[in-house]
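To start, the structure under review is shown below, and the notes come after it.
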2 protein chains.
Amino acid sequence: MSLGDTRENPLKLVRVNSLSVLVQEEIERMILSGEIATGEWLNESSLAQRFGLSRGPVREAFRALGESGLVRIVKNQGVFVREVSVVEADQIYDLREALDELVGRKVAATATRDQIKILHELLDEMDTATGANDVTRYHTLNLRFHDLLVESTANAKLIITYRRLIKELHLFRLRGLAQFGGLRNSNEEHRMIVKAIELKDAETAGRALKAHVVKSRDRMHKAYGVNAAD
Amino acid sequence: MSLGDTRENPLKLVRVNSLSVLVQEEIERMILSGEIATGEWLNESSLAQRFGLSRGPVREAFRALGESGLVRIVKNQGVFVREVSVVEADQIYDLREALDELVGRKVAATATRDQIKILHELLDEMDTATGANDVTRYHTLNLRFHDLLVESTANAKLIITYRRLIKELHLFRLRGLAQFGGLRNSNEEHRMIVKAIELKDAETAGRALKAHVVKSRDRMHKAYGVNAAD
DNA sequence: TTAACGTTAATCGTTGACAATATCTTAGTT
DNA sequence: AACTAAGATATTGTCAACGATTAACGTTAA
């Protein structure tokens, strides 16, 4: 597959974004979709050949992906999809606790009616997915839910920081278990969060979102059999 | 000046790090030291010539720096040192509030005796700098103080996230006023933080650190004549 | 004054080459 | 058969030169 195959207006894409940015986005997509496994080696020249370009843009994309934490670059050996350990996932959850509390507080103040409407739709869809025991679908919706929350804060720096962490957490998920279970409980927590947002109760929304992250982490630990004392 | 001029064991440096990493670090140093002004254009080929290299490593360093938020890359125009607006600095302070509260809580649990000793030394040095009205010196020590705090949390993800934000905040400082004043108050807040850490009182340390960030932001606003409602 | 045109300079991307390094293969030895 | 060492191979790191694309600027003409 070549990059030129992009469906919507490929010419404009190349005019606005450089090739290295397009390559970066494509590789990121491949990593996050699991198309490339964690730990896997990314061959510079074969990727270039696959995209129909030279090694230059691919190497530049690698450097950017390295800085964003998705790949690990080893001199004279190459580029590998990063493997996120349980310890590191745990550290990310620490951060998410703090950031999500902030998200809750801010979103309660800034969320628009439209955004809240979409949140409700996502809640219902997640219930449907839970009923059908469709874990993959739930996971996708869950990502969208939290991404919409952070996006509604209208704090650009918070948004990109948050998304970076979510991507790395996703690397951890890809590593082993697809999901951490407890879908029903999880969505009940989601509803409490949305309720607080509707009431524009920043304090409660922040606490609810933080508590949700704490419990998500517990579910992760349980799934991995990690001692709570770790 | 060529990169080969590095003082300590240049050969080993090149053997371990690729040239693009060295270039990245050097450009980052130039940006953060103010050697290159915010908004300034970074000429690809003249930088390459200056370092005595080809354009390849420089371009790769640019991509990494772009991802880290220190430069802005415009296709077909080039690379510019990012300019951080007051609005953006404000968003970063929002994040710092949340992160520093986390830092306070964690560091109270994890800080070693040695680390606390260094914190005390920094406190005293900052008092000295305040007495001498040496704002630049105070600022350096202040950076070291907060960096040591976050480093003492032993949470790698928190450390790199925090440092990234501090670097961008530094870009904002470079833009205009060197400092935000209120040195004496600031160091009194520092002492309260360290006291809570010594008592291993995580809750108080977190609150104190968060409060410190809130006040730092206020001092920044005051210096810029920004309305608190913004 | 404004619009069109051409020049210039920079980035973007390609290609081909070579060196340095890592990895795999193979032959030889114990 | 197992281990070792030398050599072959593959990959990354870096460079140099080239053409294409684009943005910026100055000039000219209406």
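Just so you know, these numbers come straight off a predicted model, no measurement behind them. Below, chains carry the letters A, B, ... as their sequence lines are ordered, and counting in each starts from 1.
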Review point. Can you list the residues that meet the ring-ring contact (aromatic ring centres under 6.0 Å, His included) rule with B:H170, with sequence neighbours excluded?
Key: B:H139
Check your understanding: Are any of the side-chain heavy atoms of A:E67 and B:Q24 separated by less than 4.5 Å?
Key -> yes
Exercise for review: Indicate, with a heavy-atom threshold strictly under 4.0 Å, whether A:L42 touches base, sugar-phosphate, or nothing.
Suggested key: sugar-phosphate
Check your understanding: Counting any heavy atom closer than 4.0 Å, what does B:V74 reach on the DNA or RNA strands: base, sugar-phosphate only, or nothing?
Key -> sugar-phosphate
OP1 or OP2 of [N] versus the side-chain N and O atoms of [X]: is any pair under 4.0 Å?
{"X": "A:W41", "N": "D:dT12", "result": "yes"}
{"X": "B:S45", "N": "C:dA10", "result": "no"}
{"X": "B:N43", "N": "C:dT11", "result": "yes"}
{"X": "A:Q77", "N": "C:dT21", "result": "no"}
{"X": "B:N76", "N": "C:dA10", "result": "no"}

What is the distance, to the nearest angstrom, from the [atom1] atom on [X] to the [atom2] atom on [N]?
{"X": "A:K75", "N": "D:dT11", "atom1": "NZ", "atom2": "P", "answer": "19 Å"}
{"X": "B:R59", "N": "C:dT11", "atom1": "CZ", "atom2": "C1'", "answer": "7 Å"}
{"X": "A:E44", "N": "C:dA22", "atom1": "CD", "atom2": "P", "answer": "16 Å"}
{"X": "A:E60", "N": "D:dT14", "atom1": "CD", "atom2": "C1'", "answer": "14 Å"}
{"X": "B:R63", "N": "C:dG13", "atom1": "CZ", "atom2": "C1'", "answer": "11 Å"}
{"X": "A:L47", "N": "D:dT12", "atom1": "CG", "atom2": "P", "answer": "9 Å"}

Residues in side chain to side chain donor-acceptor pair (under 3.5 Å) with [X], at least two apart?
{"X": "B:R163", "result": "B:D147, B:E151"}
{"X": "B:K167", "result": "B:E28"}
{"X": "A:S33", "result": "none"}

Between the protein and nucleotides 15-17 of chain D, are there any N/O to N/O pairs under 3.5 Å, and if so, what are the atom names and distances?
{"unit_1": "D:dC15", "atom_1": "OP2", "unit_2": "B:S54", "atom_2": "N", "d": "2.9"}
{"unit_1": "D:dC15", "atom_1": "OP2", "unit_2": "B:S54", "atom_2": "OG", "d": "2.6"}
{"unit_1": "D:dC15", "atom_1": "O5'", "unit_2": "B:S54", "atom_2": "OG", "d": "3.4"}

Between protein and nucleic acid, restricted to nucleotides 5-8 of chain C and to nitrogen or oxygen atoms under 3.5 Å apart, what atom pairs and distances do you find?
none

Check your understanding: Going by atom types alone, do B:T153 and B:Y162 pair a side-chain donor with an acceptor below 3.5 Å?
Key -> no
**Study point:** Residues in side chain to side chain contact (heavy atoms under 4.5 Å, CB included) contact with B:I160, at least two apart in sequence or another chain
**Key:** B:K157
Practice item. Kindly write out the residues that satisfy side chain to side chain contact (heavy atoms under 4.5 Å, CB included) with A:T112, not counting sequence neighbours, or none if the list is empty. Key: A:D114, A:Q115
Point to revise | side-chain hydrogen bond (donor to acceptor under 3.5 Å, both in side chains) contacts in which one or both residues fall within residues 101-110 of chain B, not counting sequence neighbours | key: A:D94-B:K106, B:R105-B:E203
